[in-house]
Amino acid sequence: MDVELSPELTEMRAALRKFVTRELEPLARRMDETNTVPPELVPLLRDNGYLGMRLDPELGGGGIGLVPYCLTIEEFARAHRYFTLALDYSSGLTPAALAKHGTPAQQAAYLPGLVNGTIQASFALTEPDAGSDSAAMRTRAEKIDGGWKINGRKHYISGGGDADFILLLAVTDPEKRARGGITAFLVDRGTPGFTVTREEETISSIIKLAELTFEDCIVPDTAVLGRVGGGFAVAMETLTSGRLGVSCACIGAADRLLEMSVDHARTRTTFGEKLSERQAIQWMLADSAIELRAARALVYDTLRQVEAGNDVGSAASMCKVYCSEMVGRVADRAVQIHGGMGLVRSYPVERFYRDIRHYRVGEGTSEIQRMLIARALFREAETRA
Ligand SMILES: Cc1cc2nc3c(=O)[nH]c(=O)nc-3n(C[C@H](O)[C@H](O)[C@H](O)COP(=O)(O)OP(=O)(O)OC[C@H]3O[C@@H](n4cnc5c(N)ncnc54)[C@H](O)[C@@H]3O)c2cc1C
């Protein structure tokens with residue numbers, strides 16, 4: 001049930017599917033049992049060329065295009081959400097920002113470790129009083145001689161407790177905020193004044209969120225990523241590409257959930273007949289298949305627009321809303337089709353059901369995406385008027 005792919009991409013998908021089934025599925029099963037990331041995961045991904053695959057070869061990356069990268073996210077998401085995060089940690093949010101805005105010294109300091117999986121970064125934008133309205137952040141960086149003094153608190157930061165460094169967004173000009181008053185900093189773990197003050201479990205398996213506190217934390221001028229005042233733009237462009245990655249992860253999870261649902265319907269007998277014979281079940285499966293195909297068409301069209309160099313800000317928001325809500329409906333139907341089996345920990349449907357809920361909240365909620373889409377419509381209308 002594919003949206004049309006070139007012969008090369010079709011071949012790539014088949015190879016990925018084999019790798020995921022043979023190598024990643026057993027690790028996903030262990031992660032379900034132990035709730036920890038197996039130590040062999042990162043070396044396995046590195047040795048097979050999946051870490052840093054999206055970065056340019058001159059930066060030590062694999063130089064792979066956006067469409068094949070997203071296809072990889074999709075296939076990894078069929079096994080476990082965490083595998084897509086491992087890709088993201090080495091090619092996505094922070095590495096992508098470093099590749100685009102980092103100085104040669106910053107790239108040399110951080111990218112090799114991210115690409116070979118020996119260090120990990122987190123992206124710290126959200127604060128207790130600044131989530132959707134991220135420009136309302138209070139974390140402040142004041143200019144001092146030779147550097148910056150940072151004070152403030154970030155929360156809900158994925159992997160922040162284990163990160164070797166943080167891409168931190170802080171206010172450098174309170175008058176300007178989103179219009180040139182927010183700056184991105186690279187802050188190393190162990191910098192005096194930077195503490196991980198809390199870690200929280202989430203509905204998702206494995207993922208922990210951290211609260212990070214900065215108290216008179218002093219970083220040098222060389223810790224600024226990009227230009228002073230350019231941080232909000234760095235965060236927003238990073239989130240736009242992140243939204244496409246999330247959309248592909250939703251497609252991969254939905255694909256797997258539908259596959260499990262079809263398999264279950266074909267084998268489970270009630271009242272003397274297979275579930276697959278029941279119209280109520282067939283319609284749920286058909287609805288999931290329709291929505292999954294529509295999601296793929298939307299996302300792959302948008303990816304091609306990116307590759308053609310077109311602006312996809314609003315389209316990326318559409319992809320994220322549609323895909324994150326689509327996978328919610330597919331997961332809900334999958335639980336229903338599996339009955340009790342869909343709600344017990346020993347079967348993956350339950351884990352998928354929990355893991356995918358985050359997608360409607362993280363990297364910009366559905367409401368915020370709709371707000372951005374509507375704003376783009378009004379901007380278009382103004383140019384027509
Ligand atoms: C698992 C997980 C991982 C995360 N990882 C990271 C990370 O690594 N780094 C990071 O910086 N952040 C991270 N976050 C934070 C995430 O980005 C925020 O939770 C999200 O942006 C929403 O912010 P909030 O929680 O403050 O909700 P709020 O902004 O308080 O929103 C609450 C509700 O109100 C709605 N709402 C808000 N404003 C409007 C409006 N104008 N119109 C209509 N509705 C509105 C929202 O859509 C939402 O439904 C993570 C969150 C989770 C759950």
Side-chain angles (χ1 to χ4, degrees), residues 35 77 80-82 84-90 92-97 114 120-139 150 152-171 178 182-187 189 196-214 225 231-232 234-243 245-246 249-250 253 316-317 320-321 324-325 327-328 351-376 378:
N35 244 2
H80 199 295
R81 175 172 171 238
Y82 187 83
T84 68
L85 291 178
L87 288 179
D88 203 44
Y89 287 150
S90 66
L93 296 178
T94 304
L114 289 173
Q120 200 173 300
S122 282
F123 180 82
L125 177 68
T126 305
E127 301 184 4
D129 291 318
S132 299
D133 185 8
S134 51
M137 68 177 70
R138 293 184 185 171
T139 298
I150 303 172
R153 190 154 55 103
K154 298 286 175 181
H155 80 164
Y156 301 163
I157 308 305
S158 300
D162 300 320
D164 296 280
F165 75 99
I166 307 288
L167 194 167
L168 171 79
L169 281 304
V171 177
I182 290 173
T183 301
F185 294 90
L186 302 168
V187 185
R189 184 166 65 184
V196 177
T197 32
R198 193 149 60 122
E199 280 200 277
E200 289 187 277
E201 306 273 342
T202 67
I203 185 173
S204 307
S205 56
I206 303 211
I207 318 296
K208 276 197 193 143
L209 303 182
E211 179 190 75
L212 312 175
T213 301
F214 301 86
L225 178 68
F232 204 67
V234 171
M236 293 306 119
E237 76 192 18
T238 306
L239 289 175
T240 297
S241 58
R243 281 166 195 156
V246 164
C250 293
S317 293
K320 187 183 181 261
V321 173
S324 60
E325 296 184 357
V327 72
R351 183 235 308 154
F352 274 96
Y353 184 76
R354 279 183 291 114
D355 276 358
I356 53 95
R357 185 61 183 86
H358 156 74
Y359 291 133
R360 279 162 58 194
V361 174
E363 300 193 37
T365 64
S366 288
E367 291 73 25
I368 297 305
Q369 303 312 313
R370 286 188 166 90
M371 185 180 86
L372 296 172
I373 295 163
R375 279 183 185 165
F378 293 132

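Just so you know, ligand 1 is whichever comes first in the structure, and atom 1 is the first atom listed for that ligand. Worth knowing before you read on, the calculation uses all heavy atoms, side chains too, and leaves out hydrogens, waters and symmetry mates.
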Open item on the list: Tell me if a side-chain donor or acceptor on Glu325 pairs with a main-chain N or O of Arg360 at a distance below 3.5 Å.
Closed with: no

Task: Test item: Asp355 side-chain N/O and Ser204 main-chain N/O as donor-acceptor pair under 3.5 Å - done: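 No, the answer is negative, given that no donor and acceptor are paired below the 3.5 Å cut-off.
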
Task: Heavy-atom check, side chain of Lys208 versus side chain of Glu201, under 4.5 Å - done: yes

Task: Arg153 side chain reached by Arg138 side chain, heavy atoms, under 4.5 Å - done: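 Arg138 vs Arg153: side chains apart.
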
TODO: Using distance alone, with no hydrogens and no angle criterion, decide if Ser132 and Glu367 have a side-chain donor and acceptor under 3.5 Å apart.
DONE: no

Open item on the list: I need the minimum non-hydrogen distance between Tyr89 and Pro95, along with the two atoms involved.
Closed with: O-CG, 3.1 Å

Could you pull out the N/O contacts under 3.5 angstrom between ligand 1 and the surrounding protein atoms?
unit_1: ligand 1; atom_1: 5 (N); unit_2: Tyr156; atom_2: O; d: 3.1
unit_1: ligand 1; atom_1: 5 (N); unit_2: Ser158; atom_2: OG; d: 2.8
unit_1: ligand 1; atom_1: 8 (O); unit_2: Ser158; atom_2: N; d: 3.0
unit_1: ligand 1; atom_1: 8 (O); unit_2: Ser158; atom_2: OG; d: 3.4
unit_1: ligand 1; atom_1: 9 (N); unit_2: Phe123; atom_2: O; d: 2.7
unit_1: ligand 1; atom_1: 11 (O); unit_2: Leu125; atom_2: N; d: 2.9
unit_1: ligand 1; atom_1: 11 (O); unit_2: Thr126; atom_2: N; d: 2.8
unit_1: ligand 1; atom_1: 11 (O); unit_2: Thr126; atom_2: OG1; d: 3.1
unit_1: ligand 1; atom_1: 12 (N); unit_2: Thr126; atom_2: OG1; d: 2.7
unit_1: ligand 1; atom_1: 14 (N); unit_2: Tyr156; atom_2: O; d: 3.2
unit_1: ligand 1; atom_1: 23 (O); unit_2: Ser132; atom_2: N; d: 3.4
unit_1: ligand 1; atom_1: 29 (O); unit_2: Ser132; atom_2: N; d: 2.9
unit_1: ligand 1; atom_1: 29 (O); unit_2: Ser132; atom_2: OG; d: 2.7
unit_1: ligand 1; atom_1: 47 (O); unit_2: Thr365; atom_2: OG1; d: 2.6
unit_1: ligand 1; atom_1: 47 (O); unit_2: Glu367; atom_2: OE1; d: 2.6
unit_1: ligand 1; atom_1: 49 (O); unit_2: Glu367; atom_2: OE1; d: 3.3

